[in-house]
Protein chains: 2
Amino acid sequence: MADLDQYTDTEERIFRAALEVFSKKGKDGARMQEIADRADINKAMLHYYFRSKAKLYDEVLGFVMQRALSSFAAAMQETDTFEAMLRTFIAGYIDFVGEHQAVMRLMVNELLAGGDALRRKLAPRLTSEPAAMPQQFIRRMQAAIDRGEIRAADPFQTLITVVSSCIFFFIAFPMVRLINPEATAQREAFIEARKAHVFDLVYHGLAVKGKRKGR
Amino acid sequence: MADLDQYTDTEERIFRAALEVFSKKGKDGARMQEIADRADINKAMLHYYFRSKAKLYDEVLGFVMQRALSSFAAAMQETDTFEAMLRTFIAGYIDFVGEHQAVMRLMVNELLAGGDALRRKLAPRLTSEPAAMPQQFIRRMQAAIDRGEIRAADPFQTLITVVSSCIFFFIAFPMVRLINPEATAQREAFIEARKAHVFDLVYHGLAVKGKRKGR
DNA sequence: GTCTATATCTCGATAGAC
DNA sequence: GTCTATCGAGATATAGAC
């Protein structure tokens, strides 16, 4: 995690521990003692570095949202075709969520709680800017429709479907591995297969009907 | 909620209040006082009817899991074609989640916490029985592939994608309505559109290449 | 900066009158 | 069954020595 450089070593240890514990136990379930233990530090030091549990949580949440925004941006790299964009987007998204599950968990927790905090901080960066990920995805998909690369489907609904397919797998993992234990044993392979599947299904779902036959 | 008949009026009021509060605040974030207020009774009465917070939570969770299983079964009604099955499954699933969001939230909370409770209680009904929803979906999709109705795609991955597309929308709703306020104003219409979109995208994604598939 | 000891507070749970 | 008052555990937060 590169942009933790603003912190000293101790602060960073605390921060990582806090992210881990908050994401697993939730804001309320998390215990300052557990964070302290995991950071290998005295409990009193938590309050020395970050005044209170609430402030520590806010700090962690802010970091998490930064992370999420970066991943959005990274996943939307400029690519030639819509097909390439979609493939990159899905792979990038799944990679990010897979590697930063604590970040994802924290955000889902916030969403379940109403998402007020997320809305306050992310609103400006998700709506006003035309460069924001959702608008960009929608614009590029619409362009692909207009030039006949794909068939007409609602871009916003499609975005929801793609994001859901990338994220929810990790939330539901306890169920997934219950039904198919192989998903645990061959985790990496399963994730790669998931990337391929989501792209394949969505892209075929958007394919122009009977294109070869020039309907 | 029909099968709450086992409870007296007061018990049922408590139960509904508890489901609501637990689903919004999580097991740890929930406050017995808030449940009492919402049930319009004294806090001491909670302990009179349900001994402890833990027992109350367990009771609620058990009910929720019953509900989820029923919805699985209902969504897998016998239908002639895979196409009809898929359409019914998606519509049924979205309807259930939309109408029982508290149930869904509680289950997602459990999943984020590791899903141990869910696994203990749902495992037998999700794996051993061949009539269980996942196996049934996979079997029917495989049959459709075998007889050439749809192209070869991984049934398990497809199931994950479909379920994700139906559920995650409701979790991410705070974000959805931030990007597209219309989703709030025209909620019912948006949900109907979502059903149609998910079916449309997935079924076309599974369509045999080059084969004209009307609808 | 670090630690021990302790203050303070919140919340689940109970006692006991009615 | 219902309510008021209160206990006690457990968690956050601070004081103060080093």
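Keep in mind that the numbers below use all heavy atoms, side chains included, and drop hydrogens, waters and symmetry copies. To find a chain, count down the sequence lines: A is the first, B the second, and so on, and within it residues start at 1.
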Measuring from B:His197:NE2 to B:Ile90:CD1, what's the distance to the nearest 0.5 Å? 9.5 Å

Where do B:Ala68 and B:Met107 come nearest, in terms of heavy atoms and distance? CB-SD, 3.4 Å

Any idea which of C:dC3, D:dT4, C:dA13 is nearest the B:Ala44 side chain? D:dT4

d(CG, B:Asn42; C1', C:dG16) in whole Å: 14 Å

d(OH, B:Tyr48; P, C:dT14) in whole Å: 14 Å

Run the side chain to side chain contact (heavy atoms under 4.5 Å, CB included) test against A:Pro134 and tell me which residues pass, sequence neighbours left out. A:Leu126, A:Ala132, A:Leu159, B:Ile179

Is B:Tyr49 touching bases, backbone alone, or none of the nucleic acid, heavy atoms closer than 4.0 Å? sugar-phosphate

Measure the distance from CZ on B:Phe50 to P on C:dT14 and round it to the nearest whole Å. 16 Å

Would you check if the side chain of A:Arg105 reaches a backbone N or O of A:Ile171 as a donor-acceptor pair within less than 3.5 Å? no

Give me the one residue out of A:Lys24, A:Lys43, A:Lys25 that meets salt bridge (Lys or Arg N to Asp or Glu O under 4.0 Å) with A:Glu34. A:Lys25

Within residues 21-32 of chain B, which residues have any heavy atom lying less than 4.0 Å from an atom of DNA chain D? none

So, does A:Arg51 get its side chain near the phosphate of D:dT14, meaning an N or O under 4.0 Å from OP1 or OP2? yes

Rounded to whole angstrom units, what separation is found between the NZ atom of B:Lys55 and the C1' atom of C:dG12? 15 Å

Is the backbone of B:Arg38 close enough, under 3.5 Å, to the side chain of B:Arg13 for a donor and an acceptor to pair up by distance? no

Rounded to whole Å, the CD1-C1' distance (A:Ile14 to C:dG1) equals 11 Å

From CD1 of B:Ile35 over to C1' of C:dA13, roughly how many Å is that when rounded to an integer? 14 Å

From CD of B:Gln33 over to C1' of D:dA5, roughly how many Å is that when rounded to an integer? 14 Å

State which of C:dC3, D:dA13, D:dC3 makes the closest approach to the side chain of A:Met45. C:dC3

Return yes if some donor-acceptor pair links the side-chain N/O of A:Arg119 with the main-chain N/O of A:Gly114 below 3.5 Å, else return no. yes

Quick one: B:Lys43 NZ to D:dT4 P, roughly how many Å, whole number? 12 Å

Within less than 4.0 Å of OP1 or OP2 of C:dT14, is there a side-chain N or O belonging to B:His47? no

